[in-house]
Amino acid sequence: MTRLSTYFLPTEREPPAEAEALSHKLMVRAGLIRQVGAGFWTWLPAGWRVHERVVQIVREEMNAIGGQEMLMPVLQPAELWRRSGRYGIEELFKLKDRRGADLVLAMTHEEVVTTHVAAAVKSYRDLPLILYHFQVKERDEPRPRAGVLRTREFIMKDSYTFDRDAEALDVSYQKHVLAYDRMMDRCGLEWYRVEADVGMMGGTGAHEYMAPCPAGENEVAIAAGYAANLEVASAEAQPVAPQPPLAAPEVVPTPGMTTIDAVASALSVPDGALLKAYPIILDGDEMRLVVLRGDHRVNEIKLQNALGMPFRPAHADEVAVRLGPPGYIGPVGAQMPILLDAGVAPGGYVTGANQADAHLRGVEPGRDFSFERVDVRTVMTGDTVNGSVIRIEPAIEVGNIFKLGTRYSEPLGARYLDETGKEQLIWMGCYGFGPARAAAAAVEQSADEQGISWPRAVAPFDVEIVVVGKEGSEERAFADGLYGELQELGLDVLYDDRDAGPGEKFTDAELLGCPLRVTVGRRTLGAGEVEVQLRRGKLATSVLLEDAAEEIAELWRGLP
RNA sequence: CGGGGAGUAGCGCAGUCUGGUAGCGCACCCGGCUGGGGGCCGGGCGGUCGCAGGUUCAAAUCCUGUCUCCCCGACCA
């Protein structure tokens, strides 16, 4: 029953005052979603249709690679999470039942699915497996934001693969690459598959599926043939003008100049002619000096990955005691290992002199200090990969695929016997996909001044019929009939049969953004036609009354 | 967690400084006109001013506490 006169589609003329992101504003205005609390959202009927269309696409692609759909509970015993070592995670909602037993609201389902597999799988003959489900996930996010883009409760497709070894895991992973590529395409999104950080939980490889748009929370570095999350991106730095070489470093007075900017402008050299020293403390209280070009920034994720262990920036007093006055430190004479960033080309640089109010000029890496090469800087716009220039765009992470390895099979005891009767750990992968984010990304990428303009595959309805004419009129009668005919042709039709003005109906139709709008009014009816407008580009055409439904369906099939 | 902002009718807001009958636009309801881009006329409904305590003859307004929401940052296995 999708006559607008009886359908729950509360549209708003104005966006909520607190809304910032385009998708947030439009999805609320169009009557797709409503907020319940910080990070809690209701999907209204039309919004839920969008969500379910995305879900169906994901389901079909998962089934196509041999995925088996199931369902696991959100509420789980804390014990499982203690066993996997994830009970301490801040974002995990924890609660107690009436008997005082500790429970959690699951944020993903590795623990449960691995437990089942551990119990049931005995032999290499039982592998591989691809298990998945759509389920509510709960995360106590520090800061929910932007409508359904970042919420504390959301539905996610999670799949888990179980394989005999790393090579077999690669195969399962590759299947997911294929499935995910198709899901993103079918949702009508512009997207990139980017290299991603594997995070603290380890793992042996990860990609994220990113949909570029202004409201995105992630940044991706993109060049021809290259795409990576900025967190892990790597590229060639833009060169800086070489400085005249000196036989040995030379002290230059720089009173009060403790910033790159101040020193560079005092010496009339570009920022990139300086070397920046970033002192860090490792676990065992060891100090290291990370050295990179003055115009570059340390990427802490890359640095941590390069170190293979956590670190923290050194405090000012530690620097003063072990190296030199903060603001004037440098690699020359430093009594600690030096990590030199890959962005530093051979040549002479200006560095801190490890004494107050002085810098050194003509410092050459290798000649004046020894070092270990690392790649720990944040890539910038204009850097290059294989000669092509990097650009950086904000993007929404719609999905991610991740090789877990034995991270969960080990603590949860998921093992099997191989052909030789030897016990082996199962190799796992996990793969998430957020339908809500896919929907929001589609809105972000396709909206215009009038509202949403859905890709055909995820629109709440295929066609919206707008009838202009009062109850009992010839226009109404024709529109009523057309409504039925289009439905019989298999289209999802929204029929605006409200007793409202044409302006209001057109405005609402454009806000909701169904791919086709059919207008039935006296003007065209008299001419023996009805008007069909494509939401994208607002192109209007007319079709003859006799076979209007068939022609409209034909138009719809040809849409992107 | 740090910084900033906001809670008054369904939505968007004014009123708070300077205490004195709670307002505006849109939406909604009734009647009529209109019928291809939020049209017009007339008449209506709707609010414990986030919550609790305090000051006062009197509190949306002043004081104290508390809850909630938003934005920026941190964070986001």
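Since this is a predicted model, take the numbers as computed values, not measurements. Every chain is numbered from 1 and lettered A, B, ... according to where its sequence line falls, protein lines coming before strand lines.
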* Quick one: label A:Ala540 by what it contacts on the DNA or RNA (base, sugar-phosphate, nothing), any heavy atom closer than 4.0 Å. => nothing
* Is any side-chain nitrogen or oxygen of A:Gln35 closer than 4.0 Å to OP1 or OP2 of B:C70? -> yes
* Asked: Contact class for A:Pro10 vs. all strands (heavy atom < 4.0 Å): base, sugar-phosphate, or nothing?
  -> nothing
* To do: Just call it for A:Arg517: base, sugar-phosphate, or nothing, with non-hydrogen atoms closer than 4.0 Å on any strand.
  => base
* Asked: Using the C1' atom in both, what is the distance from B:G31 to B:C13, to the nearest Å?
  -> 30 Å
* Find the partner of B:C51: check Watson-Crick (N1-N3 plus N6-O4 or O6-N4) and G-U wobble (N1-O2, O6-N3) distances, both under 3.5 Å, and reply none if neither fits. => B:G65
* State, without any angle test, whether A:Ser159 and A:His176 hold a side-chain donor-acceptor pair at a distance under 3.5 Å. => yes
* Indicate, with a heavy-atom threshold strictly under 4.0 Å, whether A:Ala19 touches base, sugar-phosphate, or nothing. => nothing
* Asked: If we take the P atom in both B:G23 and B:A9, what is their distance in whole Å?
  -> 13 Å
* Scan A:Glu18 against the nucleic acid and name what it touches under 4.0 Å (heavy atoms): base, sugar-phosphate only, or nothing. => sugar-phosphate
* Asked: Hey, does the side-chain of A:Ser473 have a donor or acceptor N/O within less than 3.5 Å of a partner on the base of B:G35?
  -> no
* Is there a Watson-Crick or G-U wobble partner for B:C1 with both distances under 3.5 Å, and if so, which one is it? -> B:G73
* Asked: Of the nucleotides B:G37, B:C75, B:A77, which has the atom closest to the A:Glu110 side chain?
  -> B:A77
* Considering just the side-chain nitrogens and oxygens of A:Arg145, establish if one lies under 4.0 Å of OP1 or OP2 belonging to B:C72. => yes
* **Side-chain-base donor-acceptor pair under 3.5 Å for A:Glu510 and B:G37** => yes
* Between B:A52 and B:U48, how far is it from one C1' atom to the other, in whole Å? -> 13 Å
* So what does A:Asn218 touch, heavy atoms closer than 4.0 Å: a base, only the sugar-phosphate, or nothing? -> nothing
* Could you tell me whether the side chain of A:Glu14 has a donor or acceptor atom within less than 3.5 Å of a complementary atom in the base of B:G12? => no
* When rounded to the nearest Å, what value does the distance between C1' atoms of B:C28 and B:U18 take? -> 37 Å
* To do: Test for a donor-acceptor pair under 3.5 Å between the base of B:G3 and the side chain of A:Arg143, counting only N and O atoms.
  => no
* Does A:Met107 or A:Ala21 map to a spot on RNA chain B nearer the 5' end, using the closest nucleotide for each? -> A:Ala21
* By nearest nucleotide on RNA chain B, pick out whichever of A:Gln533 and A:Asp158 is the more 5' one. => A:Gln533
* Asked: Crowded around A:Glu474 CD? As in, over 12 foreign heavy atoms under 6.0 Å?
  -> no
* What interatomic distance, in whole Å, is found between P of B:C49 and the corresponding atom of B:A60? -> 6 Å
* With no hydrogens and no angle check, do the side chains of A:Arg536 and A:Ser453 hold a donor and an acceptor under 3.5 Å apart? -> yes
* Asked: Can you name the one residue among A:Tyr7, A:Tyr495, A:Trp556 that meets ring pair (Phe, Tyr, Trp, His ring centres under 6.0 Å) with A:Phe461?
  -> A:Tyr7
* Among A:Tyr431, A:Tyr209, A:Tyr173, A:Trp191, which one satisfies ring pair (Phe, Tyr, Trp, His ring centres under 6.0 Å) with A:Tyr180? -> A:Tyr209
* Please determine, for B:G38, whether a Watson-Crick or G-U wobble partner exists with both distances under 3.5 Å, and give it or none. => none
* Asked: With both distances under 3.5 angstrom, what nucleotide forms a Watson-Crick or G-U wobble pair with B:C24?
  -> B:G12
* How many angstroms lie between CD in A:Glu397 and CD in A:Glu217, if you round to the nearest 0.5 Å? -> 9.5 Å
* **Under 3.5 Å donor-acceptor pair, A:Glu12 side-chain atoms to B:G10 base atoms** => no
* Whole-Å C1' distance, B:U66 and B:C71 -> 22 Å
